[in-house]
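Here is the structure we will look at.
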Protein chains: 2
Amino acid sequence: MNALPDTASPLYEKVKDYILTNIGAGKWSKDRKLPSENEFVAALGVSRMTVHRALRELTSAGFLIRLQGVGTFIAPPRPQSTLIEINNIAAEIVARGNRHRSEVLVLERITPTKELSLSFEFAKRPAIYHSVVVNFENDLPVQLEERFVNPSLIPDYDKQDFSKTATYDYLMQKTPVTEVEHIISAVPADAETARHLAIDIGSCCLLLHRRTWTGAVVATISKLTYVGSRYSLGSRYSPSRKT
Amino acid sequence: MNALPDTASPLYEKVKDYILTNIGAGKWSKDRKLPSENEFVAALGVSRMTVHRALRELTSAGFLIRLQGVGTFIAPPRPQSTLIEINNIAAEIVARGNRHRSEVLVLERITPTKELSLSFEFAKRPAIYHSVVVNFENDLPVQLEERFVNPSLIPDYDKQDFSKTATYDYLMQKTPVTEVEHIISAVPADAETARHLAIDIGSCCLLLHRRTWTGAVVATISKLTYVGSRYSLGSRYSPSRKT
DNA sequence: CTTCCTTAAAAGTATATACATGTATGTATA
DNA sequence: TATACATACATGTATATACTTTTAAGGAAG
């Protein structure tokens, strides 16, 4: 009668199975529309909310594309976006079998510049935390990390001893990251950076600029400068399709 | 009154933001329970189904753990691998509203050096394809791409017109990538690179070294050199845990 | 033929309600 | 004391209903 599989799973899962199976069987051709929610209701004898949930979950899983006012379509095979994995520098150094050490240069509470406040998407200009740390691999400086931290999310940031705990680990543990923005560029070292990293002014450095969000709130802004001749970011990644 | 953010987004998204923000602020301590659905209903003045949807989506995104009959808890911090998405340069330039143009410098079939053959993990030394292309953004060279391609996977590589189709698009279309290795570093431009990119020798460049696999076979080896002062790799990414 | 307006249809959201299912807890009973 | 049961409360699912938002299509007016 209603064509749904006879399993113990909840109804919306049966509807998902039914739709996926029929997509696999080519019941609805690649570029044509799937039945509307109301048509599924009539065909399967379940409520529209249940059909809607099934379709919504299949959409967020990438199988379908839905356009309000238009209909539901089979998603094209997804393009493989090339992803690079950025690891915690301390962990990476240790993983290579080398010795890691941090030196805290600055750990303070400051009033942000107008520009920085803008990056935090603040309406007002509350005080924020500011840290500058140099990371060493076998006593050779390889990375200068400057971080600005939102105190409303991480209140005790300036009380920590970041020569013991990596800033990265502390932040990851304190607040969930819901979104990350990265900008990678290559820049010549300025005078201050060169001094901290013990390199010549103008040497090539890898600059990783990162913003993280927790919900709608900017949690941290980081500027990570790697010495080009001493460090590179590496990763090996298997793009795997879900479900 | 109801403490929800005042944005244009749907209600369940506001509830999600509200919960994430409060987790970030440490309102509900790490190991203790969050309020029950009915308590959220009373506190926020929305229906239970709306709260339920918000909590369900946060759970499937990996932020929460829910136990039927018990309650809702904050999920332990995930092993956070930060991912960066690398896009097709041609697409990125066009997406910025600029004009993209390619110039093919080399497109040939060569016998690989011993070292290159090793990178391909070849036992013997069969001929491979080699291409060098300069990518322009509004007539300004921004990237030099050198690629080595395995002819057993992509047989007609040297017959293509890569001033029309981007090499990236062609390769993605021709063979599925099952694994990718990346190494990003910052290097000074050598004489030849500087000439092709119209920059000074020693200028900072972003070097992206990439190997792709199809199954157990190395498909391509690429060396992408970006002019540091003209181009940066950017991405915004939502780390969402699957189901 | 073109432009504007009306209308229908689709997905999206929000709510009230009901019942199902799993867990912990307190209480009565053996 | 220990077991069994009743109960309260938590999340999970399903439905009916109403309204919103977006889009496409058809028709009237110019």
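Every chain is numbered from 1 and lettered A, B, ... according to where its sequence line falls, protein lines coming before strand lines.
Each of Leu67(B) and Leu67(A) was matched to the nucleotide of DNA chain C holding its nearest heavy atom; the match closer to the 5' end belongs to Leu67(A).
Here Thr167(A) pairs with Glu145(A), Arg147(A) under the side-chain hydrogen bond (donor to acceptor under 3.5 Å, both in side chains) rule; sequence neighbours left out. Applying the side-chain hydrogen bond (donor to acceptor under 3.5 Å, both in side chains) criterion to Gln160(B), with sequence neighbours excluded, gives Tyr170(B). Glu92(A) is linked by a salt bridge (charged side-chain N to carboxylate O under 4.0 Å, His left out) to nothing, counting only residues two or more places apart in sequence or in another chain. In this structure, the side-chain hydrogen bond (donor to acceptor under 3.5 Å, both in side chains) partners of Asp161(B), at least two apart in sequence or on a different chain, are Ser163(B), Lys164(B). Among residues two or more places apart in sequence or in another chain, the side-chain hydrogen bond (donor to acceptor under 3.5 Å, both in side chains) test is passed with Thr21(B) by none.
Here Thr72(A) reaches the OP1 or OP2 of dA11(C): one of its side-chain N or O atoms lies under 4.0 Å away.
We find that CG of Asn38(A) is positioned 9 Å from C1' of dA9(C), with the value rounded to whole Å. Here the P atom of nucleotide dA10(C) and the CZ atom of Arg66(A) are 11 Å apart, to the nearest Å. We find that CD of Glu57(B) is positioned 15 Å from C1' of dG12(D), with the value rounded to whole Å. Rounded to whole Å, atom P of dA10(D) lies 16 Å from atom CG of Leu64(B). Whole-Å rounding puts the Glu37(B) CD to dG22(C) P distance at 16 Å. Rounded to whole angstrom, the span from the CG atom of Leu55(B) across to the P atom of dA10(D) amounts to 13 Å. One can place CZ of Phe40(A) at 13 Å from C1' of dA11(C), the figure rounded to the nearest angstrom.
Each salt bridge (charged side-chain N to carboxylate O under 4.0 Å, His left out) pair with one or both residues in residues 35-47 of chain A, not counting sequence neighbours, appears once here: Glu37(A)-Arg48(A), Glu37(A)-Arg66(A).
Across the helix from dC1(C)-dG30(D) to dA30(C)-dT1(D), the helix axis at one end is tilted relative to the axis at the other end by 10° (nearest 10 degrees, each axis from five pairs).
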Can you list, pair by pair, the side-chain donor-acceptor contacts under 3.5 Å of residues 110-121 of chain A, counting residues two or more places apart and other chains?
from, atom 1, to, atom 2, distance (Å)
Thr113(A), OG1, Leu116(A), N, 3.1
Ser117(A), OG, Lys124(A), O, 3.2
Ser119(A), OG, Glu115(A), O, 3.4

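Residues Tyr226(B) and Leu208(B) form a side-chain contact, since some pair of their non-hydrogen atoms from C-beta on lies under 4.5 Å apart.
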Study note, to complete from the structure: Each nucleotide of nucleotides 13-22 of chain D classed B (base within 4.0 Å of a protein heavy atom), S (only sugar-phosphate) or -, in 5' to 3' order, makes BBBBBB--BB

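Between Lys16(B) and Glu57(B) a salt bridge is recorded (basic side-chain N to carboxylate O distance below 4.0 Å).
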